[in-house]
Protein chains: 2
Amino acid sequence: MTSIKDIARLAGVSPSTVSRVLNEREYVRDEVRQRVLSIVKEKGYVQNNVARSMVLKRSFTIGVVIPHLFNMFQRQLFASMEFFLEQRGYKTQFFFIRWSEASEQAFLRRLKSETLDGIIFIHELYSPAVYQHIQERGLPVALCTFEKDQFDFPAVHIEEEASAALATEYLIQRGHRNIGLITGGHFSFGKQREEGYRQALKAHGIPCNPELMVRVPSYNPEAGRSGMITLLTRKLPMTAVFAATDELAIGAIKALYDSGIRVPEEVSVIGLDDIDISTFTTPALTTVRQPIFEMGKKSADLVCDWIARGHMQEKVELFSTTIVERESVRSLA
Amino acid sequence: MTSIKDIARLAGVSPSTVSRVLNEREYVRDEVRQRVLSIVKEKGYVQNNVARSMVLKRSFTIGVVIPHLFNMFQRQLFASMEFFLEQRGYKTQFFFIRWSEASEQAFLRRLKSETLDGIIFIHELYSPAVYQHIQERGLPVALCTFEKDQFDFPAVHIEEEASAALATEYLIQRGHRNIGLITGGHFSFGKQREEGYRQALKAHGIPCNPELMVRVPSYNPEAGRSGMITLLTRKLPMTAVFAATDELAIGAIKALYDSGIRVPEEVSVIGLDDIDISTFTTPALTTVRQPIFEMGKKSADLVCDWIARGHMQEKVELFSTTIVERESVRSLA
DNA sequence: ATAGCCTCTGAAAAGGTTTTCATCTAGAGA
DNA sequence: TCTCTAGATGAAAACCTTTTCAGAGGCTAT
C-alpha cells in the first residue's frame, strides 16, 4: 500500500506538504498542489483512516445501537439514519444488543475501547451504566424514540401517550366502547401507550377493564397474535382493539382472521407507527403515523451537529403524529 | 484516557510486559501478571482499538454491504450475520449502496481507505470494479445470495432457478395452467427465477405466454402491487401467480384484494423467500423457504474462517429450498 | 566449573498520519 | 541597504500499541 511518504518522495516534497494538500490547507503553492494531486491520482492513493483516526482522535464513525429486537420499525429508522449519516461523511457501525445484563455489559466494554465520534440509540437500554459512561466521556449522543430524564441528552421522539390516546379516541369517536389493548412489557413506550389508552377512556367516562388489556413479551406479529388469542379466549364483548405497535396489530388481525372473525366488520383494529408494510395488510391497517424517516434524519442531525459544534444544544425534539385512515376500523354509528 | 504506559508506570513494569499480559502471552511471571491485571481493573483501562489496528493491521471489523434496497429479506440476513459476527469477535460496519455508478464509485473509495478484515455482500453490485479491487487486495469476502463467476469468491446461495421451478411446479401440480409471473429487473436472481418459471412450464408442456409475465423495477410490496395490476388489466385467463419474492407476493395479494378478487379461491399466489411476515399475511403466504438464518451464519463463517485460516477455501455453499404450504394456493382438481 | 538453555523483562522500532515549530525566501516598506 | 512580514516548506514529535531483539538471571547437564 502506498503511503503519504511515497507520494511525498515521488512529488519531491515532504509528507507535511502532501498532508496539507490532501486536507485542503492553505500555504501550499498552486504548482506544488497540482503536482501532488496528479501523483495521488496516478497512484490511486487513499488516506489510511486508521492512522488518521489515531492522530485526529476521531473515527468518523457513528454507532447505531438497537437493543433487544430488530423489527420493521427499527429497520426503517436505521435505514434513514445510515442515509443521512453517510451524507454527512460518517460511517455507520451497527450494534445489536440482546436484552440481558450480560449483553449490555459486553456492549459497554466494546464501547469503551471504541473510538466512536457519536452514538445513536434506537429504543432504550436496560441498565444506566452505559448512559453514565457516555455522559462522563462527553460522547455526542442522540436518543431516538425515548427520553431518559436522568441524563441530559438530546432526544427524538413522539408524544407517546398523546399518540396512543389519539388512536383510542379515534375508536371511541366511531362509537366503540369495549376496546381491547395489546401492548408489550419491554421499553417505556409500551407502558406510555398503555397510559394513553387509559387516559382516553377516562376522558370519555369509559371504565377501564383490566380484562380487556393484555401485555405480551415482545413487539412482533407473533406476540400480537398471541395477545389477540388471549383476549378472545376471555369472551368479553369487544368491538375494537388498539395494538400498541403496527407489528402487534398485524398479528392481531391474523388471529382474528384465523378465528373467522372479520376485520373490521366484527372487530376493528388500530395500530401505531405506520410502518411500510401496514399499507399492504388485508384489510389495510388504520394507524397513527410516526414520521420515521424524519425522525431518523433528526437523530443523525443532532449527533452530527453536536460533533460539529463541540457541545450539546437541543434537548428534546418532539414529532407530531397523525391518524392514517385505512380499512381496519369500522364506524359503529 | 489512561494508556498502556500509565499502567506500566503504575505497575512498575514496561509497556511491553503490560501488552503481554493483556494479550495473554506467555513469559510473564504470575506475580507480575496479577499486579498488572489488578491495576488494569482499578483504572478501568481498555485497549485502544485504533492503535491496535494500526500495528496489527487488523480492525476486527467486517463490512456488510447491502446494495440498492434494504428490505425484509435483507434485514433478516443482516441480523443473522451480525449475531454470528459478534460471536466470533467481529464488529459489523454497515454499508448501504444506492444503485448508481456514482454511489458504487464512492463506496470503492471508502473501501480503499478502510481497514476492514473482511466483507460480506448481500446481493450483487453493478460494477465489477469493487470485486476487482477486493480480489487484488486479497480481502476475505463472502457473496451472499449470488455468485460472480468471473471472480473466485466463496458464495452462499440457493439454486435460484430450481427454487423458482419448484414454486411453479407446485402450482402446475395443483392443476394450474395459466400462471402469471411477477419478477424484478435488478439483480441476477430476478432473471434466474424467471428462467426457473420458464423451465417448469416447458417441462410440463405449457406454452410460455409473455403476456402473463411482468417485470417490475423493484422488489418491494408496492412493486408487487403494480405488477399485479398490470397483469389484471390484460384480462387474460389466469388462475395463479408466481411472485419472485415474498414481498412482491404481498403486494400482489393486496392488488387482488383491492380488485375484489379472492385469494386463493379465484387466484392463487405463491412467493419465494419465506420472510417472517409471510406467516401473517391474509391469507398466509404459501412460499418456498430459503434458510435465511443459516445462510447468514454460513456467510459469517466463510469470511471468519478465511481470515483465521489465511486463505480461501470453499467456493460455493448451496442451500436447499422447500415448499412451505400455507393458505394462498388452491388446488384446482 | 562452565556451557547452554530457558524464562522473564525492557528498550526501541514500526505503523501512517497530522501538526507544531522552525527555517527559508521573497517582497514591501523605511 | 536593512528590517519586517507573510507565504511556503520541512523536520520531528505525537498518537498508542505490538513485536523483535537483546540481555539478565537461574537452572541443568556435562
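We name chains A, B, ... by the order of the sequence lines, and we start the count at 1 in each one. Only this structure's heavy atoms are used, side chains among them; waters, hydrogens and symmetry mates stay out.
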Whole angstrom value for the distance that separates [atom2] of [N] from [atom1] of [X]:
{"X": "B:N49", "N": "D:dT17", "atom1": "CG", "atom2": "P", "answer": "9 Å"}
{"X": "B:R29", "N": "D:dC27", "atom1": "CZ", "atom2": "P", "answer": "13 Å"}
{"X": "A:I4", "N": "C:dT17", "atom1": "CD1", "atom2": "P", "answer": "5 Å"}
{"X": "B:E24", "N": "C:dC8", "atom1": "CD", "atom2": "P", "answer": "16 Å"}
{"X": "A:F60", "N": "C:dT18", "atom1": "CZ", "atom2": "C1'", "answer": "11 Å"}
{"X": "B:Q47", "N": "D:dT18", "atom1": "CD", "atom2": "C1'", "answer": "10 Å"}
{"X": "A:Y27", "N": "D:dA8", "atom1": "OH", "atom2": "P", "answer": "8 Å"}
{"X": "B:N23", "N": "D:dT19", "atom1": "CG", "atom2": "C1'", "answer": "11 Å"}

Hey, does [X] reach any base, or is it just sugar-phosphate, or nothing, if we go heavy atoms under 4.0 Å?
{"X": "A:K5", "answer": "base"}
{"X": "A:T17", "answer": "sugar-phosphate"}
{"X": "B:V13", "answer": "sugar-phosphate"}
{"X": "A:E26", "answer": "nothing"}
{"X": "A:R58", "answer": "nothing"}
{"X": "A:R25", "answer": "sugar-phosphate"}

Nearest-neighbour nucleotide for the [X] side chain, [options] considered:
{"X": "B:V28", "options": "C:dT9, C:dG15, C:dT17", "result": "C:dT9"}
{"X": "A:R20", "options": "C:dT18, D:dC16, D:dT9", "result": "D:dT9"}
{"X": "B:S14", "options": "C:dT9, D:dC16, C:dG10", "result": "C:dG10"}
{"X": "A:Y45", "options": "D:dT19, C:dT7, C:dT17", "result": "C:dT17"}
{"X": "A:V32", "options": "D:dT9, C:dG15, C:dT7", "result": "D:dT9"}

Report yes if a side-chain nitrogen or oxygen of A:R52 is closer than 4.0 Å to either non-bridging phosphate oxygen (OP1 or OP2) of C:dG16; otherwise report no.
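The answer is no; no side-chain N or O of A:R52 sits under 4.0 Å from OP1 or OP2.
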Closer than 4.0 Å, any side-chain N/O of A:K57 to the OP1 or OP2 of D:dC16?
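True: A:K57 side-chain N/O within range (under 4.0 Å) of D:dC16 OP1/OP2.
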Check whether the side chains of [X] and [Y] place a donor and an acceptor atom closer than 3.5 Å, and report yes or no.
{"X": "A:E86", "Y": "A:T92", "result": "no"}
{"X": "A:R110", "Y": "B:N49", "result": "no"}
{"X": "B:R109", "Y": "B:Q105", "result": "no"}
{"X": "B:Q93", "Y": "B:T61", "result": "no"}

Mark yes or no: B:K297 above the aromatic ring of B:F84, with NZ or CZ under 6.0 Å from the six-membered ring centre and no more than 45 degrees from the axis.
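Positive - B:K297 is close enough to the ring of B:F84 and near enough to its axis.
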Taking for each residue the nucleotide of DNA chain D bearing the nearest heavy atom, is the 5' side occupied by B:A51 or by B:S16?
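Residue closer to the 5' terminus by nearest nucleotide: B:A51.
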May I ask you to decide if the ring planes of A:F187 and A:H123 are parallel, tilted or perpendicular, using 30° and 60° as cut-offs?
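Tilted, since the angle between the ring planes falls between 30° and 60°.
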